[in-house]
Asks: 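What follows is a single structure, and I will ask about it in a moment.
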Amino acid sequence: RLGTQDLAWETTACIRTADMRRFLIDRGEFRDTRYGLDFTYAEWNSGLDDADGQWTNRIYYDSSTSGTAIINDINRLSLQVGQTRNVTHAWASGAVNVVNVYPDAYPHTLTLLMDADDDLPEENENNEWSITLLFDDFIPGGCPASPPSPSPPPPPSPPAPR
């Protein structure tokens, strides 16, 4: 969940101003608006063993996973095989471990890297997911329309009478 939208990884999201939190700084001649998003992701254990905790998940904004993370979820608690839990970061201006965004007319990328230090033994070490963010109110004409979904197949025909 990002802002007020439930989104899937590896997609493009059209973020509206209503999805973001805003904080106005007004100090006489200095005025600025800060933007952020509430962010919730699911962590799960689809492995063969319980995860005993002490791993780190990292979230990056417009940076590769070799860059600086904006959120470091360190010392995660144990997670039993088959267990899932949500991790939420509510945005507040000036707080740490939050998703600050800088809306403009260009695409931005939010990336989640789970078990970032490879502390947990896994068969599949592909623990990186991204989502592309577009800021609707900052793009002339708004976000591009998504392609229409394919039409569902027609229902099967009834059998011919005998």
Asks: Not counting sequence neighbours, list each pair that qualifies as a disulfide bond (SG atoms under 2.5 Å apart) and has a residue in residues 54-102.
Replies: none
Asks: Test of understanding: clusters of I, L, V, M, F, W, Y form through side-chain heavy atoms closer than 4.5 Å, transitively. Do Trp9 and Leu113 belong to the same one?
Replies: no
Asks: How many angstroms lie between atom CG of Asp137 and atom CG of Asp104, to the nearest 0.5 angstrom?
Replies: 12.5 Å
Asks: Restricting to non-hydrogen atoms, name the atom on Ala8 and the atom on Ile131 that form the minimum distance, rounded to 0.1 Å.
Replies: O-CD1, 3.5 Å
Asks: With side-chain contact (heavy atoms from CB on, under 4.5 Å) as the criterion, how do Val87 and Arg76 come out once you've worked through the C-alpha distance, each side chain's angles and the decisive distance to 0.1 Å?
Replies: CA-CA 10 Å; Val87 179; Arg76 306 301 306 140; 3.2 Å; yes
Asks: Where the side chain of Glu10 meets the backbone of Ser130, is there a donor-acceptor pair that is under 3.5 Å apart?
Replies: yes
Asks: For the residue pair Asp62 and Tyr106, confirm or rule out a side-chain donor-acceptor distance under 3.5 Å.
Replies: no
Asks: Considering non-hydrogen atoms only, spot the tightest contact between Pro144 and Leu134 and give its length.
Replies: CD-CD1, 3.9 Å
Asks: So do the side chains of Asp117 and Arg58 get within less than 4.5 Å of each other, counting heavy atoms only?
Replies: yes
Asks: Would one find more than 12 heavy atoms of other residues, nucleotides or ligands at under 6.0 Å from atom CD1 of Ile25?
Replies: yes
Asks: Quick check: closest heavy atoms across Leu110 and Val99, and the distance to 0.1 Å?
Replies: CD1-CG1, 4.2 Å
Asks: Tell me the closest heavy-atom pair linking Thr33 and Leu24, and the distance in Å.
Replies: OG1-CD1, 3.6 Å
Asks: Does anything in residues 6-113 form a disulfide bond (SG atoms under 2.5 Å apart)? List the pairs, not counting sequence neighbours.
Replies: Cys14-Cys143
Asks: Within the 4.5 Å heavy-atom criterion, are Met20 and Ile15 side-chain neighbours or not?
Replies: yes
Asks: Report the relative orientation of the aromatic rings in His89 and Phe39; use parallel for angles under 30°, tilted for 30 to 60°, perpendicular for over 60°.
Replies: parallel
Asks: Under 3.5 Å, is there a donor-acceptor pair between the side chain of Asp73 and the main chain of Thr56?
Replies: no
Asks: Test your reading of the model: is there a side-chain donor-acceptor pair from Tyr60 to the backbone of Thr65, 3.5 Å cut-off?
Replies: yes
Asks: Show your working on side-chain contact (heavy atoms from CB on, under 4.5 Å) between Ile70 and Asn100 and close with a plain yes or no.
Replies: CA-CA 8 Å; Ile70 60 169; Asn100 291 306; over 6 Å; no
Asks: Please determine whether side-chain contact (heavy atoms from CB on, under 4.5 Å) holds for the pair Asp38 and Arg1, giving the CA-CA distance in whole Å, both sets of side-chain angles, and the decisive distance to 0.1 Å.
Replies: CA-CA 8 Å; Asp38 293 337; Arg1 183 165 187 86; over 6 Å; no
Asks: Shared ILVMFWY cluster between Tyr35 and Leu37, side chains joined below 4.5 angstrom?
Replies: yes
Asks: With Trp55 as reference, evaluate Leu77, Asn127, Asp119 under the side chain to side chain contact (heavy atoms under 4.5 Å, CB included) test and give the passing residue.
Replies: Asp119
Asks: Can you tell me how far OH of Tyr61 sits from OG1 of Thr111, rounded to the nearest 0.5 angstrom?
Replies: 11.0 Å
Asks: OG1 of Thr40 to CG of Leu7: how many Å apart, nearest 0.5 Å?
Replies: 11.0 Å
Asks: Side chains of Leu48 and Val81, heavy atoms from C-beta outward: is any pair under 4.5 Å?
Replies: no
Asks: Atom CD of Gln80 and atom CG of Asp49: how far apart are they, to the nearest 0.5 Å?
Replies: 11.0 Å
Asks: Shortest non-hydrogen contact from Thr17 to Phe138?
Replies: OG1-CE1, 4.2 Å
Asks: With hydrophobic residues grouped by side-chain heavy-atom distances under 4.5 Å, do Leu112 and Trp44 end up in a single group?
Replies: yes
Asks: For atom CZ of Arg85, decide whether the heavy atoms of other residues, nucleotides or ligands shown that lie under 6.0 angstrom number more than 12.
Replies: yes
Asks: Apply the test side-chain contact (heavy atoms from CB on, under 4.5 Å) to residues Leu133 and Leu2: give CA-CA distance (whole Å), side-chain angles for both, the deciding distance (0.1 Å), then the verdict.
Replies: CA-CA 10 Å; Leu133 307 178; Leu2 199 54; 3.4 Å; yes
Asks: Could you measure the distance from the CD1 atom of Ile71 to the CD1 atom of Ile59? Nearest 0.5 Å is fine.
Replies: 4.5 Å
Asks: Using every non-hydrogen atom in the two residues, find where Trp91 and Arg34 come nearest and quote the distance to one decimal.
Replies: CH2-O, 3.9 Å
